[in-house]
Student: 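Dropping the structure in here first, questions after.
Since the model is a prediction, treat every value here as computed from it, not as a measurement. In what follows, chains are A, B, ... by sequence order, proteins preceding strands, each numbered from 1.
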Amino acid sequence: MGKPRVVYWFRTDLRLHDSLALKAALDLDPAVLWPIFTWDPHYVYRVKGGVNRFQFLLDCQKDLSESIQKLNTKSKLFVLREAPQTLFPKLFKAWNVTHLVFERDTDAYAKERDKTVIALAEKAGVKVITRSGRTLWDSDEVVAKNGGKPTMSTTQLQSAGRKVGQIPRPIPAPTYLPDPGDMPVKFTQDKPATEPDLNAPHRGGNDETYANIAGPNGDFAIATLQELGFSAAEATTPHRGGETLALRRLEEIFSDEEYAATFQKPKTSPAAFEPQSTTLMSPFLHFGALSPRLFYWRAQDLVEKYGKKASTPPESLTGQLLFRDMYFAAQAAIGAPFIQTLNNAYCRFIPWHLPSKIEATDMGDIAVSGQYHVDSPQAEKWFLRWKAGVTGFPFVDALMRQLRAEGWIHHLGRHMVACFLTRGGCYVHWERGADVFEEWLIDHEPACNAGNWQWLSCTAFYSQYYRCYSPVAFGQKWDKKGEFIRRWVPELKNLDEKYIYEPWKASIGALDKAGVKIEGDGLGTKRDGVYPGPMFDFGERRNVCMTAMKRAYSIGLHGNDDKVKDGTWKELFEKAGETEMEGLEGGSDDDADHKKERSIGTGKHARSRSTATKEGPMDKFAKKLKT
DNA sequence: TTTGTGGTTGTTCAC
DNA sequence: TGTGAACAACCACAA
């Protein structure tokens with residue numbers, strides 16, 4: 001028996017430091033080691049992601065590749081363009097591989113994929129070695145110690161975590177890497193189905209991701225944005241990726257001991273933008289350019305040294321990492337339904353507007369990403385205005401515009417816009433908001449995104465729906481003068497601070513002086529010096545939503561209840577006299593356009609109501625179940 | 001079992 | 001310009 005010939009498969013662990021899986025690979029004392037990355041079509045076509053996040057991913061790959069080359073000039077990150085499920089059997093044979101090593105992934109799709117790959121490896125006589133590493137503790141172990149149940153609070157996570165054991169201390173990056181072996185790719189490349197391509201709207205050019213298995217020059221190079229069909233000029237984020245940058249920033253954070261040791265998340269400002277008030281480490285954690293355990297122990301060691309004045313979880317830096325682990329472990333227990341309401345026993349059913357379309361698949365009944373029923377034209381318009389950052393509420397609009405441009409907004413800013421879209425304004429389904437965040441966030445982490453949207457919409461994790469963020473007061477608390485709004489909503493940059501959060505209250509004189517007109521709905525062609533009026537009376541909507549939430553809570557359905565699946569939930573809500581719900585246009589509206597719509601169309605209104613009663617989305621789903 | 005307390009991150013008003 | 005109470009009332013957790 002010769003020495004092992006090892007493929008190390010980099011996935012969401014794009015780093016060399018603190019990699020238990022990479023250490024396991026090197027411990028084999030390999031004759032050859034190929035560090036590879038495979039472009040998974042699932043990520044390229046089925047996970048929404050704009051150019052900003054792909055740029056961050058490529059940054060991480062480039063940096064990792066350079067670091068590998070520094071350890072061994074013959075090596076680098078070898079990028080292969082084919083689905084792992086079809087690639088590996090061919091690779092095992094062609095490269096005479098003995099071992100496949102990787103860090104375990106955690107979401108439902110990745111677990112399925114890995115199961116397939118492991119089975120294929122076994123069939124090919126290739127030994128598979130995996131290690132946990134994305135989280136502080138292995139999420140499956142946390143779940144086991146939590147009685148097989150999802151961790152729904154940080155207390156649960158912490159007590160289960162204690163039973164798993166101490167969070168491992170980070171290990172250093174390797175100091176050597178073996179040579180890669182030969183890399184023949186004379187086999188046929190299996191090209192993936194590119195449809196549906198959820199990212200097509202972001203691709204300005206031709207998508208050449210899978211044109212050649214080893215890249216355009218056959219040298220396994222890191223892909224460019226152009227090859228992925230993006231134009232480099234389109235990237236609008238200032239936030240760049242890579243392990244080197246992550247480690248440098250970590251040093252900067254901890255060089256200010258007072259900041260790091262006394263960090264209290266609820267006291268950091270969502271309106272701070274230069275610099276921002278939090279660490280901005282989330283995208284590095286997402287792509288694995290930073291180890292969560294390194295971050296944790298840097299913070300924990302400092303806190304112990306700092307003494308009594310240090311902050312504590314859940315508000316402290318370590319607390320933030322605990323929340324992340326909580327969501328991962330909740331996802332590990334609940335599985336695929338964690339990112340949706342349907343079939344999720346832990347997620348309350350609330351008949352929000354714009355519910356997801358449902359598809360029955362082998363993996364269970366899933367919400368189709370991005371596709372939804374327009375049960376209410378009014379809610380649809382509110383949703384579009386929210387997404388476009390033209391709600392007429394400047395603080396909300398500033399946040400949404402920063403999100404789209406930079407792929408990142410402060411955590412409390414996410415609270416603000418999420419509450420506004422769901423239980424505190426539009427009464428639109430949280431899955432719509434989660435879709436938008438998936439598309440735009442460079443730190444999009446499915447577990448954290450779904451978990452936080454459930455939290456903010458009060459469907460799981462959190463239930464104090466009467467605590468509602470005001471688009472006026474909340475921002476003012478942090479940024480009295482509205483500097484943040486002036487930065488992101490330049491139409492209003494000269495407006496007196498008295499009106500910056502509610503420009504509709506400004507006199508014509510004040511507006512003229514600031515050079516801005518309040519009119520229209522903000523959709524369609526942008527006009528200079530024009531900003532839309534507020535899309536509804538917030539106070540009224542707040543009351544409508546809160547009353548509706550109270551009713552939905554008292555009815556008490558969850559995502560796995562039969563009544564939710566067969567459509568009979570509607571009878572319960574009708575009996576309770578609910579009008580603010582899916583299929584019904586409830587609530588009031590100060591939007592001039594809509595008033596017109598309504599005054600012309602009582603008939604139209606009634607029609608949409610009867611259509612919805614006849615067949616709502618869930619009814620359709622019920623039919624599917626019966627057939 | 002019941003009951004009380006606390007919960008990372010609300011708002012508004014009174015003083 | 002800061003603190004405390006009322007608002008209306010959720011769930012988790014501990015005793």
Student: For the P atoms, the ones on B:dT2 and on C:dA9, what distance do you get once it is rounded to whole angstrom?
Tutor: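 B:dT2 and C:dA9 have their P atoms separated by 23 Å.
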Student: A:Tyr553 near the nucleic acid: base, sugar-phosphate alone, or nothing, with a heavy-atom cut-off under 4.0 Å?
Tutor: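 Since only primed, P, OP1 and OP2 atoms lie under 4.0 Å of A:Tyr553, the category is sugar-phosphate.
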Student: Under 4.0 Å from any heavy atom of chain A: name the first and the last nucleotide of DNA chain B that qualifies, 5' to 3'.
Tutor: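 For DNA chain B, the relevant span reads B:dG7 to B:dT12.
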Student: Does the side chain of A:Glu406 come within less than 4.5 Å of A:Arg401's, by heavy atoms?
Tutor: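 Heavy-atom side-chain distance check fails, nothing below 4.5 Å.
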Student: Below 4.0 angstrom, N of the basic side chain to O of the carboxylate: do A:Arg104 and A:Asp138 qualify?
Tutor: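 Salt bridge flag = yes for A:Asp138 with A:Arg104.
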Student: Please, what dot-bracket string fits DNA chain B when only Watson-Crick and G-U pairs with both distances under 3.5 Å count, crossing ones use [ ] and pairs to another strand use |?
Tutor: .||||||..||||||
Student: Under the ring pair (Phe, Tyr, Trp, His ring centres under 6.0 Å) criterion, do A:Trp504 and A:Phe393 qualify, and how do the steps go?
Tutor: CA-CA 9 Å; A:Trp504 60 90; A:Phe393 294 95; 5.4 Å; yes
Student: Using the P atom as the point on both nucleotides, what is the distance between C:dA8 and B:dA14, in whole Å?
Tutor: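 Nearest-Å result for B:dA14 against C:dA8 at atom P: 16 Å.
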Student: Can a side-chain donor-acceptor contact be found between A:Thr268 and A:His410 if the only test is distance below 3.5 angstrom?
Tutor: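 Per modelled atom types, A:His410 and A:Thr268 side chains form a pair under 3.5 Å.
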Student: Salt bridge check: are A:Arg298 and A:Glu251 linked by an N-O gap of less than 4.0 Å?
Tutor: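 Looking at A:Arg298 and A:Glu251, the cut-off is met.
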Student: Quick one: how far along DNA chain C does chain A reach, first to last nucleotide 5' to 3', anything under 4.0 Å to a heavy atom?
Tutor: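 Extent of the interface on DNA chain C: C:dA9 to C:dC13.
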Student: Rounding to the closest angstrom, what is the interatomic distance between C:dA5 and B:dG6 at atom P?
Tutor: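 The answer is 14 Å between these two P atoms.
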Student: Between A:Tyr462 and A:Trp455, what is the ring plane arrangement, given parallel below 30°, perpendicular above 60°, and tilted in between?
Tutor: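 Parallel.
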Student: Checking all strands, does A:Arg348 fall into the base, sugar-phosphate, or nothing category for heavy-atom contacts under 4.0 angstrom?
Tutor: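 Answer is sugar-phosphate: A:Arg348 comes under 4.0 Å of backbone atoms only.
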Student: Please report whether the ring centroid of A:Phe284 lies less than 6.0 Å from that of A:Phe295.
Tutor: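 Ring centres of A:Phe284 and A:Phe295 not closer than 6.0 Å.
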Student: Please give the distance between the P atoms of C:dA6 and B:dT5 as a whole number of Å.
Tutor: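 The same atom, P, in both gives a distance of 16 Å.
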Student: Is the shortest distance from a Lys or Arg side-chain nitrogen in A:Arg486 or A:Asp479 to a carboxylate oxygen in the other one below 4.0 Å?
Tutor: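 A:Asp479 and A:Arg486: not salt-bridged.
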Student: Answer yes when A:Asp562 and A:Lys565 have at least one side-chain N-carboxylate O distance shorter than 4.0 Å, and no when they do not.
Tutor: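 No, A:Asp562 and A:Lys565 are not salt-bridged.
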Student: Salt bridge check: are A:Lys305 and A:Glu257 linked by an N-O gap of less than 4.0 Å?
Tutor: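 Looking at A:Lys305 and A:Glu257, the cut-off is met.
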Student: Tell me if a side-chain donor or acceptor on A:Gln300 pairs with a main-chain N or O of A:Thr318 at a distance below 3.5 Å.
Tutor: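 It does not hold such a pair.
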